[in-house]
Amino acid sequence: MEKQEFMKRAGALARENIAKGLGGPFGCVVVKDGKIIAEGSNHVTTSDDPTAHAEIVAIRNACKTLSSFQLDGCEIYTSCEPCPMCLGAIYWARPEKVYYSSTKNDAKNIGFDDQFIYEEMEKDYAERGIPFERLEDEESTKAFHEWTKKNDKIEY
C-alpha cells in the first residue's frame with residue numbers, strides 16, 4: 001500500500017465512526033513494514049473516556065500487537081493534526097513519522113478547538129483554568145528514590 005492509501009483508511013475510519021455514531025470525526029492507523037498493524041477511531045463519548053482519541057486508541061492497539069510500549073519502525077497516519085494529548089502520546093510511543101490530513105484549524109472550525117490547552121500550558125500553575133497546586137508527599141519522594149536504585153528497571 002502507498003501513503004495515500006493509508007491516509008485514505010484513516011479518513012474512512014473517521015467517516016465510519018460518524019456513520020455508526022461512535023464518536024467524533026477522527027481516524028488513525030499505525031503502519032509497520034508497509035502494512036496496517038492497528039487502527040483507531042474516536043470513542044470519547046461512547047466509552048466515557050476523554051483519552052479515547054483516535055491516535056491514542058490506535059497507539060494502544062499497535063503496542064498490544066507489537067508487545068511493546070514503543071512504536072519502533074512505525075508510521076502513524078491520522079485524519080487530523082494531533083491534539084496536545086495525542087501529540088504527547090505520539091512522542092512517548094516514538095514512531096518514525098506522523099502523517100496528518102486536516103489541520104488543527106480545520107478541527108477548530110467544526111468545534112474541536114484545542115487552543116485553550118496550548119494557552120493553559122504557558123500559564124503559571126496558579127493562573128490556570130483548573131488550579132494546580134504542589135502537595136509534597138514522602139511516599140511519592142520515596143518511590144522516586146527507589147526507582148533510581150532499582151537495577152532491573154525498564155527505562156523508557
Side-chain angles (χ1 to χ4, degrees), residues 1-135 137 140 154-156:
M1 291 179 80
E2 297 293 323
K3 291 177 186 177
Q4 199 61 45
E5 292 177 74
F6 297 132
M7 186 59 72
K8 187 175 208 146
R9 179 62 187 149
L13 286 168
R15 294 184 70 213
E16 288 171 19
N17 211 48
I18 297 166
K20 293 178 182 176
L22 296 174
F26 304 99
C28 181
V29 298
V30 178
V31 173
K32 184 167 183 151
D33 299 326
K35 295 181 181 166
I36 295 174
I37 62 163
E39 298 181 337
S41 55
N42 182 289
H43 294 279
V44 170
T45 56
T46 54
S47 66
D48 295 326
D49 180 355
T51 69
H53 288 201
E55 296 91 338
I56 302 289
V57 172
I59 288 169
R60 287 176 181 159
N61 291 337
C63 287
K64 284 181 188 173
T65 297
L66 296 173
S67 298
S68 175
F69 57 86
Q70 292 185 335
L71 299 179
D72 296 328
C74 294
E75 297 175 332
I76 293 176
Y77 293 78
T78 182
S79 63
C80 187
E81 184 176 355
C83 75
M85 176 183 66
C86 293
L87 183 64
I90 287 166
Y91 272 91
W92 280 114
R94 297 178 181 98
E96 286 189 10
K97 192 163 187 175
V98 176
Y99 297 92
Y100 66 93
S101 182
S102 299
T103 68
K104 62 183 178 181
N105 286 331
D106 296 330
K108 176 184 175 182
N109 290 337
I110 63 165
F112 295 91
D113 188 4
D114 300 321
Q115 186 58 37
F116 77 98
I117 296 173
Y118 292 108
E119 291 169 3
E120 286 288 297
M121 290 168 53
E122 296 295 320
K123 295 178 182 176
D124 291 330
Y125 288 123
E127 296 174 6
R128 291 183 176 175
I130 298 173
F132 280 65
E133 180 180 341
R134 184 172 184 199
L135 183 61
D137 175 70
S140 300
I154 298 173
E155 303 217 17
Y156 56 96

Return a table of donor-acceptor pairs under 3.5 angstrom between the side chains of residues 10-19 and protein atoms on other chains or two or more places apart.
unit_1	atom_1	unit_2	atom_2	d
E16	OE2	R9	NH1	3.0
N17	OD1	S41	OG	3.1
N17	ND2	G24	O	2.9
N17	ND2	N42	O	2.6

Discussion item. Looking at S140, is its backbone amide N or carbonyl O close enough to the side chain of D137 to form a donor-acceptor pair, meaning the two atoms are under 3.5 Å apart?
Written reply: yes
Check step by step if side chain to side chain contact (heavy atoms under 4.5 Å, CB included) holds for E96 and C74. CA-CA 6 Å; E96 286 189 10; C74 294; over 6 Å; no
Note to self: I want to know whether F69 and Y156 have ring centres closer than 6.0 Å.
What the structure shows: yes
For A58, does its backbone N or O pair with a side-chain atom of N61 as donor and acceptor, under 3.5 Å? no
>> If you define the side chain from C-beta out and look only at heavy atoms, does anything of I110 sit under 4.5 Å from P25?
In response: yes
task = Run the numbers on Y125 and E133 for side chain to side chain contact (heavy atoms under 4.5 Å, CB included), then give the verdict.
result = CA-CA 7 Å; Y125 288 123; E133 180 180 341; over 6 Å; no
Heavy-atom closest pair (P95 atom, I76 atom, distance to 0.1 Å) is CG-CD1, 3.8 Å
Check your understanding: Short question: side chain of D106, backbone of S102 - any donor-acceptor pair under 3.5 Å?
Key -> no
side-chain contact (heavy atoms from CB on, under 4.5 Å) filter on E2, not counting sequence neighbours, yields E5
To the nearest 0.5 Å, atom CG of L66 lies from atom CD1 of I37 at 4.0 Å
Parallel, tilted or perpendicular: ring planes of F26 versus F112, cut at 30 and 60 degrees
perpendicular
TODO: Determine whether K8 and Y77 make a side-chain contact, defined as any pair of heavy atoms from C-beta on separated by less than 4.5 Å.
DONE: no
Decide yes or no on side chain to side chain contact (heavy atoms under 4.5 Å, CB included) for E75 and V98, but give the supporting numbers first.
CA-CA 6 Å; E75 297 175 332; V98 176; over 6 Å; no
Quiz prompt | Pair R60-T65, side-chain donor/acceptor within less than 3.5 Å | solution = no
Rounded to the nearest 0.5 Å, the OH atom of Y99 sits from the CE atom of M7 at a distance of 9.0 Å
Check your understanding: Ignoring hydrogens and geometry, is there a side-chain-to-backbone donor-acceptor pair from E81 to K104 under 3.5 Å?
Key -> yes
query: Does a side chain donor of either D49 or T51 reach within less than 3.5 Å of an acceptor in the other side chain?
result: yes
task = Side-chain contact test, heavy atoms from C-beta onward, threshold under 4.5 Å: evaluate it for I59 versus L71 and give yes or no.
result = yes
Here the gap from H53 atom NE2 to M85 atom CE, rounded to the nearest 0.5 Å, amounts to 3.5 Å
So, does S68 use its side chain to make a donor-acceptor pair with the main chain of C63 at under 3.5 Å? no
Closest non-hydrogen atoms of D114 and P84, given as atom of the first, atom of the second and distance, are CB-CD, 3.7 Å
In short, A89 meets I56 closest at the heavy-atom pair CB-CD1, 3.3 Å
Counting only heavy atoms not in K123 (residues, nucleotides, ligands), do more than 12 fall under 6.0 Å from its NZ? yes
For E120, is there any backbone N or O sitting under 3.5 Å from a side-chain donor or acceptor partner on R128?
yes
On a heavy-atom basis, the closest approach of D72 and K32 is O-NZ, 3.0 Å
Correct closest heavy-atom pair for L22 and T45 would be O-OG1, 4.3 Å
When rounded to the nearest 0.5 Å, the distance separating CD1 of I117 from CG of L87 is 11.5 Å
Looking only at heavy atoms, the pair that brings S101 and S79 closest together is CB-O, 3.4 Å
Y118 meets the ring-ring contact (aromatic ring centres under 6.0 Å, His included) criterion, sequence neighbours left out, with none
To the nearest 0.5 Å, atom CD of Q115 lies from atom CG of N105 at 8.5 Å
